[in-house]
Undergrad: 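The structure is given below, and queries will be raised subsequently.
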Amino acid sequence: MRDYMSRESTASVNGIFILVVFVSHMKSYVVLPEVLRQATTGLGQLMVAMFLFYSGYGVAESIRKKGEAYVRGIPARRVFKVLWQFALTVLLFAVMDWALGISFTPSQFVLSLFGWENLGNSNWYIFGILCLYLITWIAFTIFGKSRWRSFAAVCVLTALLILALHETKESWWYNTLTAYPFGMLFSMTREKWDEWLEKPAPYLAILAASLAITVLLNRYSTHTSVHLCMTVSYCVFILALTKRVPVYNPALEWMGKHLFEMYMLMRIPMLLLKRGSAAPLREPAYLAGYALFCFLCTLLLAAGYHAFIQRTEHAHQRGQ
């Protein structure tokens, strides 16, 4: 059986959730059927929790395997790489806004390059993950080989980030950020988790308890502390579920591996088609066509953007 934490499996899970994000983002442009609207509304920000969890897990695994060399490379390999790729997508949105006559200020454009503002693009997740990468680098640089002290510093700095965002931004900017340090914790304690999840009785207890806690806390999730706890219980539920129910599909894996590109570019066809269409986009037949066209365009944009980035990076490496 394929390891539930392998790159192929985790990419496939992310592929499922990027589809959920796609449907959720459509709500900004069309009137979805009630069943889809309720499903995405009910899941809320939890649809991105596993993105953050797998990121935290992946970073912790890389630090465990590569040590200080990986930590030293976080600013270049994680932060600046994401930042310049994100900046390119912001430029795309700036050009599109200009062509459509959508105005924005110079300060809005500059702040959008770092994810603090936006030009119609998704931004909060990128800002959050960049901060979490920097937090990881700071913590592991200060405490070096002490994994647990470094992890404790990540938790403290993440809490401070959440408090800062709580004072300045809407709740969706911060209410799932606990998934990232939990992903790191899972990496550091995975042997114990696997031991529990291999045995039927503990497995069923963990699966049922995590689901029950998530459902119960969802009733009070408007409170930040509750939502942060619910994020962790939800991640535990997905982990337990995927441990015994293997998730792998080549198409889902491709989407999961192109998560950044799809996440950042999916709004472009949604916006362009909505503005250029006089069709009554609340009718099912039009909605299906709209969704299919936007999805195919998103796949093409993601593939093209990924190829461009790869060629640019290879050219840079050859020039060094």
Side-chain angles (χ1 to χ4, degrees), residues 4 9-58 115 118 121-129 132 162 165 169-183 186 210-211 213-224 226-242 245 247 249 251-267 270 287 291 294-295 298-299 302:
Y4 71 116
S9 295
T10 57
S12 295
V13 175
N14 278 343
I16 293 174
F17 284 109
I18 198 62
L19 288 175
V20 177
V21 171
F22 178 86
V23 174
S24 178
H25 282 183
M26 283 181 59
K27 290 189 298 186
S28 300
Y29 307 96
V30 297
V31 180
L32 291 177
E34 186 62 17
V35 62
L36 290 179
R37 191 190 69 80
Q38 289 288 350
T40 54
T41 301
L43 192 57
Q45 286 300 102
L46 293 179
M47 68 181 71
V48 301
M50 295 308 293
F51 300 163
L52 291 162
F53 173 85
Y54 289 140
S55 292
Y57 174 82
N118 73 81
N121 57 291
S122 300
N123 62 321
W124 76 265
Y125 177 83
I126 299 300
F127 180 85
I129 202 66
L132 291 169
I162 290 170
L165 291 174
K169 292 291 186 178
E170 296 86 355
S171 61
W172 62 78
W173 280 71
Y174 53 82
N175 62 14
T176 53
L177 295 186
T178 45
Y180 181 91
F182 178 60
F186 182 82
S210 59
L211 177 59
I213 291 171
T214 301
V215 172
L216 177 64
L217 294 182
N218 189 50
R219 298 179 59 186
Y220 310 98
S221 60
T222 52
H223 299 280
T224 298
V226 173
H227 201 292
L228 292 169
C229 293
M230 181 177 68
T231 295
V232 174
S233 66
Y234 179 75
C235 289
V236 173
F237 172 71
I238 297 298
L239 283 172
L241 187 65
T242 56
V245 183
V247 177
N249 177 273
L252 291 175
E253 181 190 6
W254 188 93
M255 288 186 283
K257 288 183 175 179
H258 293 77
L259 175 68
F260 173 86
E261 295 92 336
M262 291 191 65
Y263 186 81
M264 292 310 307
L265 300 173
M266 64 174 60
R267 289 185 181 272
M270 291 180 184
L287 283 172
C294 290
F295 182 67
T298 299
L299 295 179

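Since the model is a prediction, treat every value here as computed from it, not as a measurement.
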Undergrad: With heavy-atom distances below 4.5 Å as the criterion, would you say the side chains of L239 and F53 are in contact?
TA: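 The answer is yes, as the side chains (C-beta and beyond) meet within the 4.5 Å cut-off.
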Undergrad: Please identify each residue that fulfils side-chain contact (heavy atoms from CB on, under 4.5 Å) with I213, with sequence neighbours left out.
TA: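 Once residues adjacent in sequence are excluded, the partners of I213 under the side-chain contact (heavy atoms from CB on, under 4.5 Å) criterion are L217, S233.
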Undergrad: Measure the spacing between CH2 of W124 and OG of S171 and express it to the nearest 0.5 Å.
TA: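 So the CH2 of W124 and the OG of S171 are separated by 10.0 Å.
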Undergrad: May I have all residue pairs that pass salt bridge (charged side-chain N to carboxylate O under 4.0 Å, His left out) and include part of residues 30-57, sequence neighbours excluded?
TA: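 Every pair satisfying salt bridge (charged side-chain N to carboxylate O under 4.0 Å, His left out) with a residue in residues 30-57: E34-R37.
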Undergrad: Under the side-chain contact (heavy atoms from CB on, under 4.5 Å) test, which residues partner A302, sequence neighbours left out?
TA: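 In terms of side-chain contact (heavy atoms from CB on, under 4.5 Å), with neighbours along the sequence ignored, A302 is linked to W254, E261, M262.
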Undergrad: Can you tell me how far apart CZ (F237) and CG (L211) are? Round to the nearest 0.5 Å.
TA: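 Here the rounded value is 4.5 Å.
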Undergrad: What's the separation between atom OG1 in T298 and atom OH in Y263, rounded to the nearest 0.5 Å?
TA: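 It is 13.5 Å, given to the nearest 0.5 Å.
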Undergrad: Quick check against the 3.5 Å criterion: does T231 have a side-chain atom that pairs as donor or acceptor with the backbone of N175?
TA: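 Checking the backbone N and O of N175 against the side chain of T231, a donor-acceptor pair under 3.5 Å is found.
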Undergrad: To the nearest 0.5 Å, tell me how far S55 OG sits from Y125 OH.
TA: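 If we round to the nearest 0.5 Å, S55:OG and Y125:OH are 4.0 Å apart.
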Undergrad: State, yes or no, whether a side-chain contact exists between N121 and I126 at a heavy-atom distance under 4.5 Å.
TA: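 Sidechains of I126 and N121: no contact.
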Undergrad: For the pair L46 and H227, evaluate side chain to side chain contact (heavy atoms under 4.5 Å, CB included) and give the outcome as yes or no after the intermediate values.
TA: CA-CA 9 Å; L46 293 179; H227 201 292; 4.2 Å; yes
Undergrad: Report the residue from T176, T178, N218 that forms a side-chain contact (heavy atoms from CB on, under 4.5 Å) with M230.
TA: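 Answer after filtering T176, T178, N218: N218.
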Undergrad: Please table the atom pairs, donor to acceptor, closer than 3.5 Å between any side-chain atom in residues 9-24 and protein atoms at least two apart or in another chain.
TA:
unit_1	atom_1	unit_2	atom_2	d
S9	OG	D3	O	2.9
S9	OG	S6	OG	3.1
T10	OG1	S6	O	3.0
T10	OG1	R7	O	3.3
S12	OG	E8	O	2.9
S12	OG	N249	N	3.3

Undergrad: Rounded at 0.5 Å granularity, tell me how far CG in L43 sits from CD in Q38.
TA: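 One gets 12.5 Å once the value is rounded to the nearest 0.5 Å.
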Undergrad: Please identify each residue that fulfils side chain to side chain donor-acceptor pair (under 3.5 Å) with Y4, with sequence neighbours left out.
TA: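 Testing Y4 for side chain to side chain donor-acceptor pair (under 3.5 Å), a comparison that skips the adjacent residues, returns D194.
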Undergrad: Could you check if a side-chain atom of L259 sits within less than 4.5 angstrom of a side-chain atom of Y54, using non-hydrogen atoms only?
TA: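 Of all side-chain heavy-atom pairs linking Y54 with L259, none is under 4.5 Å.
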Undergrad: Please name the residue in the list Y174, W173, W172 that meets the ring pair (Phe, Tyr, Trp, His ring centres under 6.0 Å) test with F127.
TA: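 Output: one option passes, namely W173.
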Undergrad: Roughly how far, to the nearest 0.5 Å, is CG of L165 from CG of L177?
TA: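 Going from the CG atom of L177 to the CG atom of L165 covers 6.5 Å.
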Undergrad: Check side-chain contact (heavy atoms from CB on, under 4.5 Å) between S28 and all other residues, then give those that pass, not counting sequence neighbours.
TA: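 For S28 the side-chain contact (heavy atoms from CB on, under 4.5 Å) partners, ignoring immediate neighbours, are R267.
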